[in-house]
Protein chains: 2
Amino acid sequence: MTLFILSPLQEEKMAQCLHQAGLRKTMPRLALAHLLFAAKTTPRHVTAESLFEEAKSANICVSQATIYNTLNQFRDAGLLREVVVDHNGGHYFDTNLEAHHHFYIEEEARLIDVPHTQVALGHLPPPPQGYALDSVDITLRIKSKT
Amino acid sequence: MTLFILSPLQEEKMAQCLHQAGLRKTMPRLALAHLLFAAKTTPRHVTAESLFEEAKSANICVSQATIYNTLNQFRDAGLLREVVVDHNGGHYFDTNLEAHHHFYIEEEARLIDVPHTQVALGHLPPPPQGYALDSVDITLRIKSKT
DNA sequence: GTACGTGCAAACGTTTTGCAGCGGG
DNA sequence: CCCGCTGCAAAACGTTTGCACGTAC
């Protein structure tokens, strides 16, 4: 059971969001969407695990399977972007949909957004015959100075 | 038991390689090193699974655990580089130690090297306070034109 | 001789799936 | 009313680990 209650206004906004993405307006999706997108000014980087914990803290009772399913659906629907930086620490999902890159701090398993305007890509090689460039992922791995 | 036999010359070369890396000259390591580095002109991108299959085909009988251990040791010793491109399909290890980037074809789970001389990076943002840039990974995701 | 490497199988953490029942449209 | 979503638990997957034995040095 979910103790977490959205205001009508919040629910309305999330419902639109889901509807646009072709997803039914179900309780877990509304609640998770709210967690993810409520403070849309700050980009968020969540893993399945971190979102699960966050949901529990907010008294949203959802199963792990639903977390995974929902994140994958949101990703497929274009509401989230998947970020691959490391094999240890799980998949990251990024609420920032704009073209951008990342600083990655392995020691802290933490991502920081880098607006793509701050990265000047001078020249890229042409893709091999028969292939077209899909996307460019730049990961700037950083370490704390000791 | 290993049916795979290295020529004295090959063995000598690999033995040097291992010794320099501070690793004992054991049979599985010699054999796997040979598989990985024999044709050093062509960079190789292997996963634990692909190397395991390759070893079996070459009548090298090693356990999976040894494949994983050996790959990790080679990586730690600087003989291989780990490449992160995707969460599905396992870790890639790259025999190309030089600074370079990758084309990645998700549909084929295939990597193609891009010499870093072919990528012109104009400008990068400064790392946050207290952090220093460690490495820059650029993945050019490409798709076959349909 | 001793510390390290190996094989085997079992453990591990993360993600997915099968199935019965609920709930949205 | 029907199809899709959910929860639960179990399976699947890639990787690591514990242990007894073997081997390089």
Side-chain angles (χ1 to χ4, degrees), chain A residues 1-2 4 6 11-12 14-33 46-53 55-56 59-77 79-80 82-93 109, chain B residues 1-2 4 6 11-12 14-33 46-53 55-56 59-77 79-80 82-93 109:
Chain A
M1 136 228 43
T2 300
F4 185 85
L6 298 177
E11 178 169 335
E12 171 65 22
M14 290 304 120
Q16 265 188 17
C17 206
L18 293 178
H19 192 256
Q20 279 180 355
L23 296 170
R24 283 193 189 174
K25 179 187 83 169
T26 68
M27 205 284 305
R29 299 218 266 240
L30 281 173
L32 294 177
V46 301
T47 61
E49 196 195 347
S50 76
L51 186 58
F52 187 52
E53 293 306 318
K56 279 201 299 196
N59 285 317
I60 302 172
C61 178
V62 284
S63 70
Q64 274 201 138
T66 299
I67 296 277
Y68 281 101
N69 291 337
T70 304
L71 283 173
N72 287 335
Q73 285 156 187
F74 282 10
R75 188 237 297 122
D76 294 342
L79 267 45
L80 291 173
E82 200 166 357
V83 183
V84 180
V85 281
D86 202 324
H87 270 281
N88 313 312
H91 299 198
Y92 283 87
F93 292 90
Chain B
M1 132 233 40
T2 301
F4 185 85
L6 297 179
E11 179 170 333
E12 172 65 20
M14 289 305 119
Q16 263 187 18
C17 206
L18 292 179
H19 192 256
Q20 278 180 357
L23 296 172
R24 284 193 189 174
K25 179 187 83 171
T26 68
M27 205 285 305
R29 299 217 266 239
L30 281 172
L32 294 177
V46 301
T47 60
E49 196 194 348
S50 77
L51 186 59
F52 186 53
E53 293 305 318
K56 279 201 298 196
N59 285 316
I60 303 173
C61 178
V62 284
S63 70
Q64 273 200 144
T66 299
I67 296 276
Y68 281 101
N69 290 338
T70 305
L71 283 174
N72 287 334
Q73 286 156 187
F74 282 10
R75 188 237 296 121
D76 293 343
L79 267 45
L80 292 173
E82 199 166 359
V83 183
V84 181
V85 280
D86 201 325
H87 270 282
N88 313 311
H91 300 196
Y92 284 87
F93 292 91

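Side chains included, hydrogens not; waters and symmetry mates left out as well; all remaining heavy atoms used. Below, chains carry the letters A, B, ... as their sequence lines are ordered, and counting in each starts from 1.
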Undergrad: Could you tell me which non-hydrogen atom of A:Val84 sits nearest to which non-hydrogen atom of B:Asp86, and how far apart they are?
TA: CG1-N, 3.6 Å
Undergrad: B:Gln64 CD to C:dC8 P: how many Å, rounded?
TA: 11 Å
Undergrad: Measuring to OP1 and OP2 of D:dG14, would you say a side-chain N or O of B:His91 lies under 4.0 angstrom away?
TA: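 Result: no.
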Undergrad: Think A:Arg29 has a side-chain N or O under 4.0 angstrom from the OP1 or OP2 of D:dC5?
TA: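 Checking D:dC5 against A:Arg29, a side-chain N or O does come within under 4.0 Å of OP1 or OP2.
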Undergrad: Could you check how far CG of A:Leu71 sits from C1' of C:dT16, rounded to whole Å?
TA: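 Going from CG in A:Leu71 over to C1' in C:dT16 covers 14 Å.
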Undergrad: How close do A:Phe52 and A:Ser63 get, counting heavy atoms only, and between which atoms?
TA: CE1-C, 4.1 Å
Undergrad: How close or far is atom P of D:dC25 from atom CG of B:Leu30, stated in whole angstroms?
TA: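 From B:Leu30 CG to D:dC25 P: 9 Å.
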Undergrad: Where each residue is assigned the nucleotide of DNA chain D containing its nearest heavy atom, which of A:Thr70 and B:Thr26 is assigned the position nearer the 5′ end?
TA: A:Thr70
Undergrad: Are OP1 or OP2 of D:dG14 and a side-chain N or O of B:Thr47 less than 4.0 angstrom apart?
TA: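 Answer no for this pair, as no side-chain N or O of B:Thr47 is under 4.0 Å from OP1 or OP2.
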Undergrad: Considering non-hydrogen atoms only, spot the tightest contact between A:Ala31 and A:Ile60 and give its length.
TA: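 Where A:Ala31 meets A:Ile60 most closely, the heavy atoms are CB-CD1, 3.7 Å.
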Undergrad: If I take atom CD1 in residue A:Ile67 and atom C1' in nucleotide C:dT17, what distance separates them, rounded to the nearest angstrom?
TA: 17 Å
Undergrad: Students often get this wrong, so: under 4.0 angstrom with heavy atoms, is B:Asn72 touching a base, only sugar-phosphate, or nothing?
TA: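 Sugar-phosphate only.
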Undergrad: How close or far is atom P of D:dT15 from atom CZ of B:Arg75, stated in whole angstroms?
TA: 11 Å
Undergrad: With respect to the side chain of B:Pro28, which nucleotide from C:dG5, D:dC3, C:dT6 is positioned closest?
TA: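 Closest nucleotide among those given: C:dT6.
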Undergrad: Distance check needed: D:dT23 C1' versus B:Leu23 CG, whole Å only.
TA: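 Distance, rounded to whole Å: 16 Å.
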Undergrad: Is the side chain of B:Arg75 donor-acceptor paired with the backbone N or O of B:Phe93 at a distance under 3.5 Å, no angle test?
TA: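 Here the side-chain-to-backbone pair does not exist.
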Undergrad: Considering just the side-chain nitrogens and oxygens of A:Tyr68, establish if one lies under 4.0 Å of OP1 or OP2 belonging to C:dT15.
TA: yes
Undergrad: Without decimals, in angstroms, what is the distance between A:Met27 CE and C:dC22 C1'?
TA: 12 Å
